[in-house]
Amino acid sequence: MSFSLSTLSEQTLKLYLMIFGLKSLSRTHVVSFTSRYFSSVPELCHPHSAHHLFEKSPRRDPSEYNALLFEYSHSDRNKEALNLYAGLWRSGFSVDGSTLSCILKVCGCLFDHVAGKQVHCQSIKSGFVENVSVGTSLVDMYMKTEDVGDGRRVFDEMGSKNVVSWTALLTGYAQNGLNELTLNLFCQIYVNEVKPNPFTLATVIGAVANRGVVEEGCQIHTAVIKSGHESHTIVCNSLINMYSKSGLIRDARAIFDSMLQRGAVTWNGMIAGYVTNGLDLDAFRMFHWMRLAGEKFTQPVFASLIKSCANLKELSYARQLHCQVLKSGMGFYHNIRTALMVAYSKCTEMDDAFKIFSVMKGVQNVVTWTAVISGYLQNGIMEQAVHLFCQMSREGIRPNHFTYSTILTAQPYISIFQVHAQVIKTNYEKLPTVGTALLDAYVKTGHVKEAAIIFELIDEKDIVAWSAMLAGYAQMGETEGAVNIFLQLAKEGIRPNEFTFSSVIHACAGPTASAEQGKQFHALSIKTRLNNALCVSSALVTMYAKRGNIESANEVFKRQGERDLISWNSMISGFAQHVQGKKALAIFEDMQRQKLEMDGITFIGVISACTHAGLVDDGQRYFDMMVKDHHIYPTMEHFSCMVDLYSRAGMLEKAMDIINEMPFPAGATVWRTLLAACHVRRNLEVGKIAAENLISLQPQDSAAYVLLSNIYAAAGNWQERAVVRKLMDERKVKKEAGYSWIEVKNKTYSFLAGDLTHPMAERIYSKLEELSIRLKDMGYQPDTNYVLHDVEEEHKAAFLSQHSERLAIAFGLIVTPPGTPIQIVKNLRVCGDCHSVIKLISLIEDRYIIVRDSNRFHHFKGGVCSCGDYW
DNA sequence: ATAGGGTTAG
């Protein structure tokens, strides 16, 4: 009912009374009507309000007390209502059932369990406890004050019950999050031959919505139709909400379309449904329709639409809504302001988000603080986020579980141990959100074991928690741990989602995973229809590429229905690793033609494709293009690629020029790249500079010492070589052991250089012996420059022939039928001598041999390698 | 109204 309050005169009031069929204005009438009409306007002190009449009244009777009590309770002045009730009780007036019901509602709203219990006693004393309405109100009060046990007890003791009593209990269960009990009780209503009313149905539908089980949703809809209340507005509103929450947005829309009378809740329900289901454009279409229908916009509609702008990163529309919200006087609602802050944060407009936050000074709460902190974190402004987190505590706002799960992503600007301690104190550790964020923080600092302990402590592990743990193992290269997590979650009946698959497939790209495992997860993703999710298919492209199966990688890429930057980058890098430079560049040109967004990683792929294909000029051209045309600032990785490009082509001086002209000092990776090239090219002069720089940056890195001493050895400078060796011993630097892996019949076998422990060692060594004789017959001379140890030539040859990749290949030749391709994975780079030997083996044994070393793939066939001896 | 996990390079 809308009217301008200031113009409401006695006359108007008379008119209203006439509408209600009353001829005269008795005192009681005035009291009861005014309290009803003025109850929704708390700050109003109209001369006709019950409050005024009450004050002026010469003798106060129970009806006046009651009228004012109702007015207070309806206008959310619950404390005043409770005081008035105490006065009423003290005055010795007898109370009736409706008074008790009213005050019980007040107790519920105030969460005042103690006062509620007192009223309960008074109801017993006055005998009104037998009254159905009072009993029902008692149930409601207990449920609202979270005393589910007493609520149920009162209900059970009630002599007579009606639908409202059942509904009160039902609503109580639902409000306390006891969704399963709510559903059970709903079945009992039928057993007791009570007919549910629209409120009963709306409550149960809400409980079903929270559980999100589609089958239950269909069942409840059937019950609604049977009850005959299917067209009732509040029932339809709940159904719309339920279907949206279960992801069945089309069913929600069907309900919406069928409705004869739509309220503001209906429109908002539909709009909010579209937003939560990611159909933001449909939400806006609905908004447009709502406007055409002449419906008034309420505050939740704006909140939903602003959220939609955040999802779409639609800044200009967010600003328009901001204006509209201010114009319609809704700019002061907390939820609107928070939604606006989130939208501005998502559009990288942190200044605007912060402006809203600072304007709220004095009324800021945990939610607003968390929103602004989260905004800074998402925009990578970690220092400011941490600063605000500290300030928040100083201003006496206690962080909640949202805040903790957010701030834990502020690595490395926070001490996770400190935050962990706070989390334990506040008992948030067991919550899946906080636990997951904590676990991830430990993974990112390299503490996988601690992360696993935290994971175990999480109470009800959801799919996000499981996926985070799985990703943790995958990121640390622990394939087995990752796969085990997947098997465990499947066993517990948890449904993996696209993130779970992308992580487990990523784990299967590791050197110790079997190729078969990756394929199986691919199959499983197809079964669950998640294979087409972008993150899954991109992970598949990389997995197949890293497993040496570039054809399958390309096949997955070609079948991608839509692509994003990562998809394109994955394919470019895949081709680059497989030395298919031309194909990598073709993909890149396709991207250019379509004018797609590119980033620094795209160019790392492109330049490394040029490097592996020996296209020096092209590499330089792409680097220049990146800086000049795409305005991408080159990072250390890019310079590393450029140094690689020139030094592999033997242009070591040019590589040094790159290093000297870099805008920042070269890092270890850059020097290591240069050093490796000097090793291949036997360039002592540049090699010395590279090694010295690398050693000063990473004194514990064995590669620097090993490569440098090898360069000295190659130059026959044994004295200098001995100095390097001595330095290595003094600093206790251990050479990284060379490992190779081979997969035969779904089992992975690993070999260490000079390994004698393998059960088939004897046969492997005799196979190597046999091969070495045949190689010598073909005129092969071992290149002993690749041996570090200062020993006799003959022994050096023996060391060489025991490199792990040769053991693995010999094993492969023995255990697989002739003609079977052999695939090896190695943790270090393959040495020059092994490279020549493997070429010859592929010829004399007529085998296709694929070696993936730490750097790239080598496809050996008929005596040649795909890298063209250029690596 | 606020929250946690993922895919690309090296």
statement: Contacted region of DNA chain B by chain A, from 5' end to 3' end of the hits, cut-off under 4.0 Å to heavy atoms, spans B:dA1 to B:dG10
field: Residue pairs fulfilling salt bridge (Lys or Arg N to Asp or Glu O under 4.0 Å) with at least one residue in residues 421-443 of chain A, sequence neighbours excluded
entry: A:Asp440-A:Lys444
task: Please work out if A:Ala471 contacts a base, only the sugar-phosphate, or nothing of the nucleic acid, heavy-atom cut-off 4.0 Å.
output: sugar-phosphate
- request: Look at all strands and tell whether A:His334 reaches a base, only sugar-phosphate, or nothing, counting heavy atoms closer than 4.0 Å.
  value: base
message: Mind checking if A:Val541 touches a base, just sugar-phosphate, or nothing, with heavy atoms under 4.0 Å?
response: nothing
- prompt: Heavy atoms under 4.0 Å, any strand shown: does A:Ser502 hit a base, just sugar-phosphate, or nothing?
  reply: sugar-phosphate
- prompt: Using a cut-off of 4.0 Å on non-hydrogen atoms, how would the nucleic acid contact of A:Gln475 be classed: base, sugar-phosphate, or nothing?
  reply: sugar-phosphate
task: Tell me, please, which residues at least two apart from A:Tyr739 pass ring-ring contact (aromatic ring centres under 6.0 Å, His included).
output: none
I'd like a table of donor-acceptor pairs (distance under 3.5 Å, sequence neighbours excluded) in which one partner is a side-chain atom from residues 411-418 of chain A, with atom names and distances.
from	atom 1	to	atom 2	distance (Å)
A:Ser415	OG	A:Phe417	N	3.4
A:Ser415	OG	A:Gln418	N	3.0

- request: Under the side chain to side chain contact (heavy atoms under 4.5 Å, CB included) rule, collect the residues that match up with A:Phe402, sequence neighbours excluded.
  value: A:Thr370, A:Asn400
task: Looking at every strand, decide which applies to A:Asn497 at a 4.0 Å heavy-atom threshold: base, sugar-phosphate, or nothing.
output: base
message: At 4.0 Å (heavy atoms only), tell me whether A:Gln364 reaches a base, stays on the sugar-phosphate, or touches nothing.
response: nothing
query: Is there a donor-acceptor pair under 3.5 Å between the side chain of A:Thr338 and the backbone N or O of A:Thr368?
result: no
- line: Residues at least two apart in sequence or cross-chain that pass ring-ring contact (aromatic ring centres under 6.0 Å, His included) with A:His420, listed by chain then number, are A:Tyr442
